[in-house]
Amino acid sequence: MEEIKNKIEQLREELRQHNYSYYVLDAPVISDFEFDQKLKQLQELEEKHPEYYDSNSPTQRVGGEVVKNFKSVDHKHRMYSLDNSYSKEDIFDWETRIQKILGEVPVEFVCELKYDGVSINLYYEDARLEKAVTRGDGFKGDDVTLNVKTIRSIPLVLKEDLLKSFEIRGEIILPLDGFEKMNKERIEMGEDPYRNPRNTASGSLKLQDSAEVAERPLDCLLYQIVGDRLPFETHFEALDFAVKAGFKVPDTRKLCKNTEEIFEFIAQWDKQRHTLPYETDGIVIKVNNLSQQEELGYTAKSPRWAIAYKFKAEQATTILREITYQVGRTGAITPVANLDPVELAGTIVKRASLHNADQIAKLDVRINDTVFVEKGGEIIPKIVGVDLSLRPVDSVPVKYITHCPDCGTKLVRKEGDAKHYCPNEFGCPKQITGKIIHFISRKAMNIDGLGVETVELLYQNKLIHNYADLYELKEFQLIPLERMAEKSAKNIIVGLEASKQIGFEKVLFALGIRYVGETVAKKLAFHYENIDNLMQASYEDLVNVDEIGEIIAQSVIDFFKNPINIEVINRLRSYGLKFAMDESVYENRTDKLKGLNFVVSGVFEKFSRNELKKSIEDNGGKVTGSISKKTSYIIAGENMGPSKKDKAEKLNIPIISEEDYIKILE
Ligand code: AMP
Ligand code: ZN
């Protein structure tokens, strides 16, 4: 037994090291394949030996637990804001205020970049990550520990434990390349791209399914250690410790002896920040000495010992030549400004977003106007104003289109919606091809050989009009198409044939029901087992499914109400696509626990937590995250949380052991 324990420990340690080399140092030592092999080996051992469960094992980084409501928790130490400054004068004034309080003593500063993401407070106990809490209102935030554990660059166990229990604060960011990759996939699926990395990072952190968070390329940059009696004299030393302990602290930080050096730092990064792999919106200047920091203290909102300097948003002027309109897969219209090319923040800008009709009216932008373009937090630049002194005398206000640029149908605008829509769902070419492109995309039917261009070509040649038509395609019809070799034609047919093996949950996602993304499709597929059950589900049925809200439910109902959709589904069925979950998914299922709600807490001997949950669900029971009046049983293992215990006793809910559970099953 000791041997297995050692093996597990050794694998964990190895994986921790490799994680660190890969995600913090950016210098992997072994191949991804070898890494995955080791991880798999560890997973198997842990499953066989749940007695060695460790919530901070590298296996926990893949996520899997779903949290419906994040628990609100108090911060041990308040999370303050920062005062802002915009000029040299502001910084001189700040320095003067500091010197007045501290007297005529030398003061050193640390300059850091201001990373543009979401702030996070990490609590370490006994050298292990215990809790991760969002900033919230500064006094209390949300417990997002499960999601944060999936961020590979955050150590779950410290590499060095000179200090074992402390808080460390940082910024969760989405690096630019990861952001672009996510958007590319979204566009491929015909979905609107995310607007900016910061909001996407913040949205990711609040996802309920930690497995989904694990797939997002989030990173975390640390900037402050907090504690009551820290063994450091300076902030700089504290950051050095953070580096040794395994955290990612950007080495752009710099010690500055005076304001001159601070200004040099600002000047340098005002230019160079565009070469960084992530976004920054300024710099932060901090007093280095920790006793000086303590002496300076806090105002009602922010520390006196630190100040942020905001970079000016970069602006350029250019001429607006034309407004064009894009039609999305759902019919949503987006106006786009076409500009004379101009350099902005290190890239050439030719297009800017105008969002919707209201935005155009508010700015009163006109064709041939000279406009100010800014790159704010958003990747796509926006127009922030018009230089009226340069407006041509004969310019006229923009008339927003009234009809679809693609099919000519009169546009509609629903109450409370800023966007116009083309209602011609089944006749509008862009919507038709958009839906087919979504259908074949990687996360849906994943059809090899087919891409955006081919779909458009097939549509133009009247070979397909909806995604069911794909399955009627013959090789001889494809070959005469432009740039189509015999081999690629064959590939397409083979790819389509292979897609008939794709699981029901993906088929459901591929149908392109509005608001039914990948995760929702999975939930619905598992819950309803086949399309007939789903089609018969009432609105009330649907909203009762875990995580299905009103908007999604209504959208599903609307989709199946439409006879055109039903016909297409019937055709897909006749071609042999899967419209039911495989039996094997539900093997060993019973409804012994039907109507019972369980809460699982603590660590178990015979099951891993996930196994226990699966066993409950397989037998028709429901697992929820928190105790309520509806809870039937709490299954408690070792180390059950004390707050859960209190609540259970208050509500008089029976607490049972895993043996009791097994007896109930029998
Ligand atoms: P603000 O939200 O404008 O009050 O700015 C304060 C926020 O800046 C903090 O809550 C941090 O999340 C963030 N921040 C980013 N980089 C740093 C840094 N290097 N030092 C301190 N705070 C930072
Ligand atoms: Zn249209």
Side-chain angles (χ1 to χ4, degrees), residues 75 77-86 109-122 132-139 141 167-173 197-198 201-202 205 219-226 235-236 238-239 242 247-254 256 262 265-266 269 273 276 278-288 293 298-303 305-311 325-334 377 401-412 419-435 459:
H75 287 295
H77 300 91
R78 178 171 161 192
M79 288 182 87
Y80 286 89
S81 299
L82 286 172
D83 270 345
N84 284 324
S85 65
Y86 301 90
F109 304 94
V110 178
C111 285
E112 290 161 43
L113 295 172
K114 190 163 187 288
Y115 323 115
D116 201 9
V118 228
S119 27
I120 192 77
N121 199 11
L122 307 175
V133 185
T134 63
R135 171 161 142 183
D137 64 2
F139 296 99
E167 280 168 56
I168 182 163
R169 294 179 179 169
E171 200 80 357
I172 292 182
I173 55 152
R198 191 213 310 117
S202 137
L205 203 58
D219 205 344
C220 183
L221 308 175
L222 286 305
Y223 57 72
Q224 193 195 357
I225 294 188
V226 180
H235 173 61
F236 210 75
L239 291 183
F247 295 97
K248 204 176 214 177
V249 183
D251 52 17
T252 44
R253 62 188 185 280
K254 190 168 174 243
C256 294
I262 294 175
F265 186 88
I266 293 177
W269 285 107
R273 65 187 169 120
L276 292 165
Y278 43 80
E279 292 198 313
T280 54
D281 59 342
I283 69 158
V284 184
I285 311 151
K286 301 172 184 172
V287 168
N288 189 28
Q293 282 192 6
Y298 298 83
T299 67
K301 272 177 49 203
S302 34
W305 47 263
I307 194 163
Y309 173 88
K310 293 267 177 157
F311 291 131
Y325 299 85
Q326 289 177 344
V327 189
R329 153 167 83 91
T330 59
I333 308 288
T334 308
I401 48 165
T402 51
H403 292 76
C404 176
D406 211 35
C407 72
T409 307
K410 193 162 192 310
L411 300 179
V412 295
K419 289 216 160 200
H420 286 73
Y421 283 87
C422 166
N424 185 17
E425 200 187 334
F426 298 100
C428 182
K430 276 282 181 238
Q431 295 188 58
I432 294 170
T433 50
K435 286 191 185 77
Y459 174 73

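Order of appearance sets the numbers: ligands from 1, and atoms from 1 within every ligand.
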Query raised in the report: Going by heavy atoms in the side chains, are Cys422 and Asp406 under 4.5 Å from each other?
Result: no
Query - Residue and atom, protein N/O/S, under 2.8 Å of the Zn ion (ligand 2) - result: Cys404 SG, Cys407 SG, Cys422 SG, Cys428 SG
Query raised in the report: Which is it for Lys310 and Lys114 under the side chain to side chain contact (heavy atoms under 4.5 Å, CB included) test, yes or no, and what are the steps along the way?
Result: CA-CA 9 Å; Lys310 293 267 177 157; Lys114 190 163 187 288; 4.1 Å; yes
Query raised in the report: With Tyr325, which residues qualify under ring pair (Phe, Tyr, Trp, His ring centres under 6.0 Å), at least two apart?
Result: Tyr400
Query - Side-chain heavy atoms of Gln431 within contact of Pro423, under 4.5 Å - result: no
**Report entry** Validation row: Asp116, Tyr278 side chains within 4.5 angstrom (heavy atoms)
**Finding:** no
**Report entry** Residue contacts for ligand 1, heavy atom to ligand atom, distance under 4.0 Å
**Finding:** Ser81, Leu82, Glu112, Leu113, Lys114, Tyr115, Ser119, Arg135, Glu171, Tyr223, Val284, Lys286
Query raised in the report: Can you tell if the side chain of Thr409 reaches within under 4.5 Å of the side chain of Cys428, non-hydrogen atoms only?
Result: no
Query raised in the report: For atom CG of Asp251, is the number of surrounding heavy atoms from other residues, nucleotides or ligands below 6.0 Å larger than 12?
Result: no
Query raised in the report: Does NZ in Lys435 sit with more than 12 non-hydrogen atoms of other residues, nucleotides or ligands closer than 6.0 Å?
Result: yes
Report summary line: Taken in chain and number order and not counting sequence neighbours, the residues that satisfy side-chain hydrogen bond (donor to acceptor under 3.5 Å, both in side chains) with Glu112 are His235, Lys286
